[in-house]
Amino acid sequence: MNGEPIRRIVIVGGGTAGWMAAAALSRVLGGFPGLSIELVESEAIGTVGVGEATIPQILSFNNMLGIDENEFVRETHATYKLGIEFVDWLRPGHSYVHPFGTYGLDMLGIEFHHFWLRGRAAGDTSELDRYSIAAMAGKGGKFFWPQLDNPKSPLSKLSYAFQFDAARYARYLRKRAEAQGVVRREGKVVEVLQDGESGFVTGVRLEDGSDVEGQLFLDCTGFRSLLLGQTLGVPFRDWSKWLPCDRAVAMPCSLAGDREPLTRSTARPAGWQWRIPLQHRIGNGHVYSSAHMEADEALAILLDNLDGEPLAEPNHLRFVAGHRERAWEKNVVALGLAGGFLEPLESTAIHLVQACIARLLAFFPTSAFGRKEADRFNADTERDYVDIRDFLVLHYKATERDDSEFWRYCRELPPPDGLREKLEMFRATGRVIREHEELFTETSWLSVMAGQGVEPEGYHPVAAMLDEQETKQRLAHIGQVIAQAVDQMPTQDEFLARNRSAIPATERIVA
Ligand code: FAD
């Protein structure tokens, strides 16, 4: 053993990141003899309080925590999410869904979309959405669990995530973490204590003068990045050139309009607006570039486009796209906003917290804090950020919109290298490349490239083995099978009621 086991873990910050870490670490390491996990948070400072849409990977986090899904949905007032509907992103009046799961049916050993491309070349005009059960069920307000053990059913191609109330989620995790032995300390950190020689953090001093000492510190202090950024001085890598949106204004509203199991993102003149329907209310926000729009105009656009009545004062947030150069420095590991932030267009921030927790557990240090674990952790975390950045930039880069300075800037921006290569490959051959086990799969890249109007000049030669008529017939048949399966699915409301995960009607906020 290259060092004694770590016995004292201190988590600084009790937002989503802090409580996710507390719940996970206490679940996995809780039985370790003599281990203590303390979480320090300050009610006076509060949390960001947004962050309500997730991606399917959250299911494995919930499984790791041993969470009962129906209880989780009820307690966090969650709804199901089958994908994101992008409205007006290609051009005003156009929409498409980035669905969870896969499209159609692979044939002759190659991916389905090559047959779709062949069909289009032969005059078929069907949209890709038609071949995704998640997209079609989402638009139809339907939900059912995937049927992975029945590969012949379209339901085997479905995948899902949740949309939940951020405050309820943190409370839910807190309850679990405390039951698993995590000790919460209320108080504002006013000083970070360091070893004079090594610079390692030894403790944090609270406003009341007490110290919380530890060996491993998780910086979950949000945008402040109190330990990693402010104390250890790890520089921030600024990507605002590629992702110029740097402000958001959030505001929940009462229930009204559709409650499809989809997050909606609607393009606006200097950014985009999110709409996340929960069981009791709708979460809304407008993400925009301050170089292209003033805060009062952004708020006015948001207010003009709420389905229900506003339920809170506007919450104005500032951020810069990018990440800390090293998420793990000395004995500090940053999780969540303290480590970096990429705008919530594809709901990736909570996933990044989860991925870093899993990575920390995989490379969990001893008190010797060898470099190998930290170096690998940092390299993998940086790669996650780069992959997600490229995927986000795709949405802005590939668009026909040129109706504002913001959109003209985004269109004309040279893409990062990885994205340029993917775009060139897709345009030339219809192939979608995924370099490594990056977060977004071929389906995701395909849906956004096709949805954003990137037109391939070719398709896989094997797709030409089916003649045009056969191709069109098979496409029509697959579309029909999916439509029939969707018809038989319950509505999301029926599904929630059936599983006792619906909240009482009295808790629904209807104007
Ligand atoms: P915070 O919520 O800011 O928590 C920081 C904690 O640190 C608080 O408890 C605070 O009290 C504590 N703290 C700070 N300083 C001190 C101090 N000196 N002493 C003691 N305590 C201190 N993610 C998604 O996955 N999906 C989404 O749809 C999504 N939408 C988003 C929309 C916007 C506009 C933004 C900005 C973020 C969004 N996110 C989303 C990201 C998500 O909200 C965050 O990743 C998540 O909430 C994690 O935040 P956090 O815990 O890192 O920070």
Side-chain angles (χ1 to χ4, degrees), residues 10-22 38-58 61 81 84 161-167 169-171 173-174 184-192 204-208 212 218-231 245-251 263-265 271-276 278 283-288 298 302 314-321 323-324 327 334-357 388 439:
V10 178
I11 301 169
V12 187
T16 308
W19 285 114
M20 283 176 78
E38 282 182 272
L39 184 145
V40 183
E41 68 174 321
S42 159
E43 267 167 27
I45 293 178
T47 64
V48 156
V50 284
E52 311 203 308
T54 61
I55 55 176
Q57 284 75 0
I58 191 153
F61 187 71
K81 174 178 173 188
I84 304 176
F162 306 104
Q163 306 169 128
F164 49 60
D165 181 312
Y169 183 54
R171 279 204 296 277
L173 292 179
R174 173 178 165 186
R184 176 184 180 275
R185 295 277 298 263
E186 169 62 35
K188 185 174 169 187
V189 173
V190 288
E191 191 183 345
V192 179
V204 288
R205 180 155 299 155
L206 306 188
E207 221 168 14
D208 65 6
V212 183
L218 304 189
D219 185 348
C220 301
T221 58
F223 290 126
R224 285 175 186 77
S225 195
L226 189 60
L227 279 69
L228 190 79
Q230 288 187 33
T231 306
C245 287
D246 58 353
R247 297 280 191 280
V249 50
M251 181 181 276
T263 292
R264 188 183 301 152
S265 165
W272 59 278
Q273 180 176 339
W274 80 73
R275 177 186 187 277
I276 303 178
L278 308 179
N284 309 279
H286 184 185
V287 175
Y288 62 99
L302 181 65
N315 179 9
H316 289 273
L317 299 144
R318 290 163 172 246
F319 53 85
V320 179
H323 69 106
R324 298 273 159 195
L335 299 172
L337 303 172
F341 182 59
L342 297 173
E343 57 166 271
L345 186 57
E346 286 283 353
S347 322
T348 43
I350 291 172
H351 168 73
L352 277 169
V353 174
Q354 166 189 345
C356 285
I357 292 171
I388 294 171
L439 175 61

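All values below were derived from every heavy atom in this structure, side-chain atoms included, with hydrogens, water molecules and symmetry-related copies excluded. Counting convention: from 1, in listed order, for ligands and their atoms alike. This structure is a prediction, so every number in the text was calculated from the model and none was measured. The first residue of the sequence shown is numbered 1, and numbering continues consecutively from there.
Closest approach of G187 to S42, counting heavy atoms only: O-CB, 3.7 Å. Contact record, S225 with A338: OG-O, 2.9 Å, taken as the closest heavy-atom pair. Nearest approach of A53 to K81, heavy atoms of both residues: CB-NZ, 3.8 Å. Among all heavy-atom pairs drawn from V50 and L317, the shortest one is CG2-CD1, 4.0 Å. Minimum interatomic distance between A21 and L218 (heavy atoms only, all atoms of both residues): CB-CD1, 4.0 Å. In this structure, L335 and A17 approach most closely via the heavy-atom pair O-CB, 3.8 Å.
Taking a cut-off of under 4.0 Å to the non-hydrogen atoms of T47, the atoms of ligand 1 that pass are 2 (O), 8 (C), 9 (O). Short contacts between ligand 1 and S42, defined as distances under 4.0 Å to a heavy atom of the residue, involve ligand atoms 11 (O), 20 (C), 21 (N). Against a heavy-atom cut-off of under 4.0 Å, E52 is close to the following atoms of ligand 1: 27 (C), 28 (O). Each of the atoms 32 (C), 34 (C) of ligand 1 lies under 4.0 Å from some heavy atom of W274. Counting the atoms of ligand 1 from 1 in the order shown, those under 4.0 Å from a heavy atom of A17 are 48 (C), 50 (P), 51 (O), 52 (O). Close contacts of ligand 1 with A248, meaning ligand atoms under 4.0 Å from a residue heavy atom, involve 34 (C).
For the side-chain hydrogen bond (donor to acceptor under 3.5 Å, both in side chains) criterion with T263, the lone passing option out of E52, Q163, E346 is Q163. Partner of K188 under the side chain to side chain contact (heavy atoms under 4.5 Å, CB included) criterion, chosen from D208, V40, L206, I45: I45.
With a 4.0 Å heavy-atom cut-off, ligand 1 is reached by the side chain of L317 but not by its N, CA, C or O. With a heavy-atom cut-off of 4.0 Å, A349 touches ligand 1 through backbone and side chain alike. Residue P344 touches ligand 1 through its side chain alone, judged by heavy-atom distances below 4.0 Å.
The shortest N or O to N or O distance between V353 and ligand 1 is not under 3.5 Å. For the pair T16 and ligand 1, the shortest N or O to N or O distance falls below 3.5 Å. No N or O atom of V12 sits closer than 3.5 Å to an N or O atom of ligand 1. For I45, no nitrogen or oxygen atom sits less than 3.5 Å from a nitrogen or oxygen atom of ligand 1, counting backbone and side chain alike. Inclusion of G336 in the set of residues having an N or O under 3.5 Å from an N or O of ligand 1 is not warranted. For L226, no nitrogen or oxygen atom sits less than 3.5 Å from a nitrogen or oxygen atom of ligand 1, counting backbone and side chain alike. For a threshold of 3.5 Å applied to N or O pairs, the pair formed by G46 and ligand 1 contains at least one separation below that value. Residue H351 has no N or O atom closer than 3.5 Å to an N or O atom of ligand 1.
Nearest protein heavy-atom neighbour of atom 19 (N) of ligand 1: V189 N, 2.8 Å. Atom 14 (C) of ligand 1 has T221 O, 3.6 Å as its closest protein atom, hydrogens excluded (heavy atom only). The protein heavy-atom contact nearest to atom 40 (C) of ligand 1 is G51 CA, 3.3 Å. Nearest to atom 26 (N) of ligand 1 among the protein's heavy atoms is A53 O, 2.7 Å. At the shortest separation from atom 2 (O) of ligand 1 among protein heavy atoms lies V48 N, 2.9 Å. For atom 25 (O) of ligand 1, the nearest protein heavy atom (residue, atom name, distance) is I350 N, 2.8 Å. With hydrogens left out, the protein atom closest to atom 43 (O) of ligand 1 is V50 O, 3.0 Å, a heavy atom. When only non-hydrogen protein atoms are considered, atom 12 (C) of ligand 1 lies nearest to G13 CA, 3.6 Å.
When the options F319, W19, F341 are ranked by their closest heavy atom to atom 35 (C) of ligand 1, first place goes to F341. Between the choices G222, G18, A250, C220, the shortest heavy-atom distance to atom 6 (C) of ligand 1 belongs to C220.
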- Query: Is there a side chain to side chain contact (heavy atoms under 4.5 Å, CB included) between N315 and V249 once you walk through the steps?
  - Reply: CA-CA 5 Å; N315 179 9; V249 50; over 6 Å; no
Please lay out, stage by stage, how S265 and L345 fare under the test side chain to side chain contact (heavy atoms under 4.5 Å, CB included).
-> CA-CA 7 Å; S265 165; L345 186 57; 3.6 Å; yes
Check: When you look at T348 and F341, which way does the side chain to side chain contact (heavy atoms under 4.5 Å, CB included) test go after all the steps?
Finding: CA-CA 9 Å; T348 43; F341 182 59; over 6 Å; no
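Between R185 and E207, no side-chain nitrogen of the basic residue sits less than 4.0 Å from a carboxylate oxygen of the acidic one, so the salt-bridge criterion is not met.
Formation of a donor-acceptor pair under 3.5 Å by the Q354 side chain with backbone atoms of Q57 is found in this model.
Interatomic distance, I58 CD1 to I350 CD1, rounded to the nearest 0.5 Å: 6.0 Å.
Residue contact check for ligand 1: G283 places no non-hydrogen atom closer than 4.0 Å to it. Under a 4.0 Å heavy-atom criterion, T54 is not in contact with ligand 1. Residue-ligand proximity: G285 is placed with every non-hydrogen atom at 4.0 Å or more from ligand 1.
Listed by chain and residue number, nothing satisfies the salt bridge (charged side-chain N to carboxylate O under 4.0 Å, His left out) test with R324 (two or more places apart in sequence, or in another chain).
I84 is not listed as a side-chain neighbour of W274, based on a closest heavy-atom distance of 4.5 Å or more. Within the 4.5 Å cutoff, the side chain of T54 has no heavy atoms near those of the H351 side chain.
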